[in-house]
Structure formats: C-alpha cells, structure tokens
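Have a look at the structure below, then the notes.
In what follows, chains carry the letters A, B, and so on, assigned in the order in which the sequence lines appear, proteins first and then strands, with residues in each chain numbered from 1. Quick caveat: nothing in here was measured; it's all calculated off a predicted structure.
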There are 2 protein chains.
Amino acid sequence: MVIAVKVTIADVAEKAGVSKTTVSRILNGNYDHNTPETIKTVLKVVKELEYRPNALAKGLKSMKTNVIGIVLSNFRNEFWFNVLEGVEDTCKDEGYNLMICNSDGDPKLEEQYIKEFQMRQVDGIVINPTVRNQPLYEKLVTDKYPMVVINRKIPGLHANNVVVDNIKGGYMAANHLLENGREHILAITYKNENISTWQERIKGYQEALISNGLTEDSFYLLEIENIRVANKQIKEYLLDNPMIDGVFSTNNMLTLELIEALKKLDKKVPSEVGIVGYDDTIWSKHIHPPLTTIKQPAYDIGKESAKLLIREIKSKELTTIKNIIFQPELVARESSKEIE
Amino acid sequence: MVIAVKVTIADVAEKAGVSKTTVSRILNGNYDHNTPETIKTVLKVVKELEYRPNALAKGLKSMKTNVIGIVLSNFRNEFWFNVLEGVEDTCKDEGYNLMICNSDGDPKLEEQYIKEFQMRQVDGIVINPTVRNQPLYEKLVTDKYPMVVINRKIPGLHANNVVVDNIKGGYMAANHLLENGREHILAITYKNENISTWQERIKGYQEALISNGLTEDSFYLLEIENIRVANKQIKEYLLDNPMIDGVFSTNNMLTLELIEALKKLDKKVPSEVGIVGYDDTIWSKHIHPPLTTIKQPAYDIGKESAKLLIREIKSKELTTIKNIIFQPELVARESSKEIE
DNA sequence: ATGAAAGCGCTAACAA
DNA sequence: TTGTTAGCGCTTTCAT
C-alpha cells in the first residue's frame with residue numbers, strides 16, 4: 001500500500017533530472033523551447049508520480065483561480081436549479097469551477113458571502129441580488145470586479161445584467177386571460193417593494209388590462225406577506241372578491257397555494273376561475289388541470305450569464321457592460337381555457 | 001474615488017508601524033501577547049484599508065482551504081436541491097464554503113471533477129457516486145481523503161456513508177398498496193444494475209409481497225431505459241398487463257410520466273389503479289389526485305453529511321467510519337386510497 | 001534549451 | 001511583546 005504523500009513540482013523536477021522551471025513550462029504547454037526527450041521524460045515522471053499541480057500555489061502567483069462564485073437567494077425553486085445547471089455547464093466547458101452559496105434573501109448574509117468569495121480570489125460572481133445592498137453592488141462595479149447581475153435589475157447600477165422581460169411576461173399572462181373571456185383578473189405576487197421582478201410582472205399585467213380597455217378600477221392585486229400565510233391570504237381575498245374569474249400568479253410556489261385555496265373554496269378551474277402561473281415547472285403539465293404558464297428560459301439564463309461573466313474575466317481591456325434580455329413564452333394549457 | 005488596489009498584510013503592517021507577524025497574529029485572534037494599543041491600532045488600520053486576507057496565500061501555508069466540494073449526479077431533481085440546502089446550511093454554520101459540480105452520472109466527468117477538487121486542495125468531498133469508479137473511490141479511501149458517500153452504497157467501500165433505508169421505503173410502499181386492497185402491483189424503476197438505491201427499493205417491494213403471502217409470480221417489474229422513453233414504456237406495459245391495479249414508482253420523475261400514461265389510457269386513480277411515489281416533492285400534494293409518497297429527509301441528509309465530513313476534516317486522529325441511515329416515511333394521500 | 005532565483009501573501013519557528 | 005526569517009508550491013524574468 002502506498003502512503004499518500006503530496007508530490008510537488010520539485011519532486012517531479014528531481015526525478016526527471018531537470019529544474020522546476022522546465023517542468024512548469026512543459027506542464028503549461030510552453031513546449032516551444034524544449035527537447036522532445038525532455039518533454040517526454042518529464043511527462044513520464046508526471047504520470048508515474050501522479051503529480052497534480054496545486055491550484056492554490058498557482059493561483060497565488062497568477063491571482064487567478066478559475067473559479068466563479070454564484071450567490072443565489074433561494075434553494076427552493078426549480079427555476080434556480082435550471083439556472084444553476086446552465087451555469088455549471090458553461091463552467092465545465094470553459095474550465096472553471098463553481099462556488100455556490102445561498103443568501104436566502106438576507107442582505108447581511110449576501111454581503112458576507114460576497115466578501116468571502118473575494119477573499120478566495122474568485123475570478124468573478126453571478127448574483128441574484130437581494131436588492132438591499134446597493135452600496136456593496138456599487139463598490140463591486142467601481143472596483144471592476146467581474147460580475148453579472150441576474151434575474152433582477154438594480155436601478156442605476158452599471159453592471160452586466162441578464163434578465164427576462166417580466167413586463168412582457170405579465171402582459172402575456174393577463175392578456176391571455178382576457179382573451180379567454182375572463183373579466184375580473186387578480187394578480188398575486190410577493191410583497192416586496194424593491195424587487196424589479198414582481199414590480200414588472202405586475203406592470204405588464206396592468207398594461208394588458210389597460211390596452212384591453214379596462215381602467216385602474218379593474219386592477220385586483222394581492223400581495224402575499226410570505227409563503228406560510230399565502231394560503232390563508234388567498235382564501236380570504238377570494239372570499240371577499242367573489243367576482244374574480246381569472247388569476248395571474250407571478251410565482252410558481254404561490255400557484256400551488258392558489259390551487260390549494262381554490263380547491264378548498266370549491267371553485268372550479270377553469271370553468272369558474274382561469275389560472276396562469278409563472279415558470280413552466282416540471283409539474284405544470286401534470287397537475288389538475290394542466291397549468292397554463294409563462295415559461296422562462298432558465299437554463300439559457302444560467303448559461304449566458306456564466307458566458308458573459310467569463311468573457312469579462314478573460315478580456316483584458318474594459319468590456320462594455322452588456323444587458324441580455326430573454327423573452328418569456330406563454331404555454332397554454334387547460335387551466336386558462338376559454339369560458340364558453 | 002478610490003482606485004481598487006489589493007491591500008496585503010504588508011500594507012497594514014507598514015501603516016500600523018508593526019511587523020506582518022503582529023498583524024497576522026492579531027487577525028487570527030492570538031491576542032495573548034499583544035499590547036491593547038497595538039491591537040487597537042492594527043484593527044483600526046485593517047478597517048481603514050478594508051484589508052481582507054487572501055485565502056489563497058493562507059491556504060498555501062496551511063494546506064487547508066475551508067472549502068468542501070460536492071459532486072452531484074443530477075441537477076434535475078428536487079431531492080438534490082433539498083440535500084444541497086442542508087449541505088449549504090452546515091457549511092455556513094461551520095465556516096466552510098462550498099464548491100459544486102454535476103457529474104451528470106458520467107464516471108469520466110466524475111473522476112475529472114474529483115481530481116480538480118483535489119488540486120484545489122478542497123478539504124473534503126461529499127459525493128453521490130456514479131458507482132462506476134470503484135478504483136477511484138478506493139484510492140480516495142486509502143489516501144485518507146475526507147469523504148462522505150451519499151445516497152448510494154458502494155459495495156465493499158470503507159467510507160462514511162449517509163443513506164436512507166431504501167429497502168424499508170420499498171417495503172412500505174408495496175405493503176401500503178396491498179393493505180389498501182391492491183393485488184397486482186407493478187414496481188417501476190430505472191434500469192441500472194449497479195445502483196443500490198433502485199435495487200433496494202425493489203428488494204423492499206418484493207419483501208412486502210412475500211410477507212403478504214405472495215410469490216415471485218406476483219412480482220411485476222418495469223425497468224425504464226431512460227426518462228425520454230418512460231412514457232412509452234409505461235403505456236405499453238400497462239396495456240400488456242391490464243390486471244395491474246397498483247403501481248409503486250421508485251422515482252419522482254417517473255411518477256409524473258406514470259400519471260401521464262394512466263391519463264392517456266384513461267385509467268382512473270385511485271379507483272382503478274393505486275399509486276405510491278417516491279420523494280415527497282413540493283407538488284405531490286397538489287397533483288390530481290394528491291399523491292401518496294415515500295418521503296425522504298433530504299435536507300437532513302445534506303445537513304448530516306456535511307457535518308460528518310467536517311467532523312472528519314477537523315479531527316486529527318483517525319476517525320472511525322460512520323454510517324448514517326435515515327428512515328423514510330409514508331405520506332398517505334388519495335392516490336392510494338382503498339378500493340371499496 | 002534550461003536553470004537560478006525572486007516573489008505571490010501569508011504563517012510560524014525562533015530570536016530578541 | 002514584537003520582529004526576522006524561512007518557506008508553503010508555483011511561475012517567470014533574466015541569465016547562461
């Protein structure tokens with residue numbers, strides 16, 4: 001049995017009878033000035049000794065780690081896993097590794113994690129911002145720390161941004177319900193004044209109503225305090241507003257609660273209430289009735305975000321800030337079927 | 001505006017008028033031998049300069065990074081996200097950061113990722129093994145590389161292992177169906193000869209049938225080649241075996257396909273066919289009819305795995321290998337309701 | 001074509 | 001109580 005001993009470049013050099021420099025050069029593909037024999041022996045010794053470069057030492061010299069970090073605000077939503085898969089795939093393709101953490105929506109935690117990433121000399125970060133850390137984000141920008149802000153907009157922040165057109169998404173949802181004969185459409189969203197995602201989806205909803213000739217009097221908006229009270233809030237709202245015949249849910253967790261609430265109240269979908277949800281989750285088409293959703297290209301968002309970040313990391317010159325806006329898509333199913 | 005410049009311990013030392021050693025000591029809490037004034041000035045300068053230690057340099061010295069790596073085989077299953085959340089929470093509590101990658105079930109990729117983790121001097125790894133890399137796993141064990149194998153057993157491998165009792169899970173599922181009047185119970189699983197997870201769930205299913213007085217003639221087993229053909233395979237099987245009145249699905253993705261197939265065949269759940277699925281996913285109780293499932297404590301699995309790993313990392317002496325077995329739980333809902 | 005030596009930022013013996 | 005120095009494993013300039 002071989003006792004595990006860490007083998008360094010010096011061991012390789014010694015055994016191969018050359019200098020560390022030579023080994024380093026060969027390992028890094030600077031073949032140009034080396035004898036074929038030297039190359040061969042060195043490579044052979046590397047194999048024999050199972051030498052693996054120490055990334056720490058390498059990084060210390062070059063101040064590059066080939067690691068990017070991602071700060072998510074939530075591990076409970078399928079959407080983020082698809083994003084993550086995209087990010088991970090890009091990392092694999094580009095030779096990066098991925099550090100991940102979960103701010104859980106807490107700005108303090110977010111700040112701490114970002115600082116840890118920086119201490120670890122992570123080459124750049126992808127972040128779904130809590131939006132409560134404006135000064136921190138600003139600092140990252142002025143420090144020219146490679147960064148991509150994802151899924152949310154931070155007002156006034158001059159940073160790479162990858163988002164989906166949420167106004168459009170909201171518009172499509174509400175418009176679809178109107179087209180299918182609904183007249184009193186409720187929009188359900190999380191209560192959070194600062195998050196562009198929710199604001200925009202609601203804005204789109206409002207625009208759809210207006211462009212269909214309705215007025216502000218026809219806006220029905222329910223803001224959920226948090227997921228735990230969602231069910232209760234929704235039931236109460238629907239009881240107080242029995243005219244509601246269509247619901248646009250801006251979040252897939254809330255959609256599940258909505259369905260639950262409707263079932264409890266014995267309101268039939270779609271005959272009495274039509275539903276459009278957000279995010280075409282894996283279960284959307286399997287629930288009863290199959291759910292009409294606004295689909296977001298989560299995987300591509302992740303993929304492009306990481307690509308954008310790595311592009312910025314690699315480019316020596318100043319890269320211009322880039323703004324990628326993906327388009328949502330309506331997937332029509334039974335839950336929003338036309339009222340006969 | 002301040003130009004971003006990386007400030008090192010030397011900068012702090014100089015500005016504070018002390019040596020690097022002193023700064024280092026104070027930063028690491030070795031206050032014991034320092035003047036209160038020294039401490040105060042140093043800390044003040046650290047603040048002013050916004051000094052952040054370079055984790056690379058630190059790690060190079062100590063050969064410890066306070067990073068653990070996790071190798072998942074799948075980013076598409078809610079189960080893993082709950083596991084991940086548990087891991088991440090433990091990391092946060094214990095001051096570790098997390099690197100993540102996705103082997104996607106590919107042994108080659110898995111091996112590459114593990115080696116990368118090692119090059120990065122990751123302190124330890126959590127892995128859901130592809131099971132096709134036996135020599136690699138053995139080597140990690142003999143090298144005493146801190147590791148926790150999760151969710152699957154590797155035969156003969158003397159490593160920390162955190163799993164759920166899958167035999168019990170399979171048993172509970174089948175037994176529950178029998179208790180509720182089902183007589184011809186199909187078990188659906190992925191075709192993969194080597195994965196303990198599937199084998200054990202099927203074993204439990206068989207044990208349940210036998211202990212209920214049935215014989216091997218009553219075993220109905222469908223092995224799915226891959227998720228894309230699942231629907232087709234299931235439909236064909238059910239057509240060929242119309243006596244099936246109960247189905248145990250060993251995986252939540254397959255369950256969705258199963259439901260789809262039953263709908264297509266116009267078989268009513270639970271009146272004609274009773275269903276028990278695996279993993280109490282977020283949508284289980286919302287689909288139609290609400291799904292009876294075998295629930296696994298995914299979050300706790302993640303949490304305990306990371307704790308176990310970090311315990312091993314921190315312990316100087318040889319730790320004894322630990323084997324944690326979680327118990328599954330049956331969540332009874334409508335999909336398996338008794339035949340009247 | 002190859003090597004010696006300096007140095008990345010930090011810690012820790014050892015000295016003072 | 002504090003500082004000097006060596007060195008973690010690697011890359012890279014500058015010699016040769």
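Regarding contacts with the backbone of D:dT2, a side-chain N or O of B:N34 is found under 4.0 angstrom from either OP1 or OP2. Between D:dT2 and B:T22, no contact under 4.0 Å exists linking OP1 or OP2 to a side-chain N or O.
No hydrogens or angles considered: nothing links the side chains of A:T21 and A:S24 as a donor-acceptor pair under 3.5 Å. Side-chain polar atoms of A:N97 and B:Y113 form no donor-acceptor pair below 3.5 angstrom.
Checking B:T35 against A:L56, the closest nucleotide of DNA chain D that is more toward the 5' end is the one next to B:T35. Comparing B:S19 and A:K58, the nucleotide of DNA chain D nearest to each residue sits closer to the 5' end for B:S19.
Contacts between residues 43-51 of chain A and DNA chain D, defined by a heavy-atom separation below 4.0 Å, involve A:Y51, listed by number.
A salt bridge links B:E111 with B:K115: the closest approach of a Lys/Arg side-chain nitrogen to an acidic carboxylate oxygen falls below 4.0 angstrom. Between A:D89 and A:K92 there is a salt bridge, with a side-chain nitrogen of the basic residue lying less than 4.0 Å from a carboxylate oxygen of the acidic one.
Considering only heavy atoms from C-beta on, B:D11 stays 4.5 Å or farther from B:Y51 through its side chain.
Taking the C1' atoms of five terminal pairs at each end of the helix from C:dA1-D:dT16 to C:dA16-D:dT1, the two resulting helix axes are inclined by 40°, rounded to 10°.
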Just the table, please: protein N/O against nucleotides 12-16 of chain C N/O, every pair under 3.5 Å.
unit_1	atom_1	unit_2	atom_2	d
C:dA12	N6	B:T21	OG1	2.9

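For the pair A:S73 and A:S103, the tightest heavy-atom approach, listed with the atom from each and the gap, is CA-OG, 3.4 Å.
Rounded to whole Å, the distance from CD1 on A:I9 to P on D:dC8 is 14 Å.
Results of the side chain to side chain donor-acceptor pair (under 3.5 Å) test with A:N133 over A:K108, A:E110, A:E138 single out A:E110 as the only residue that passes.
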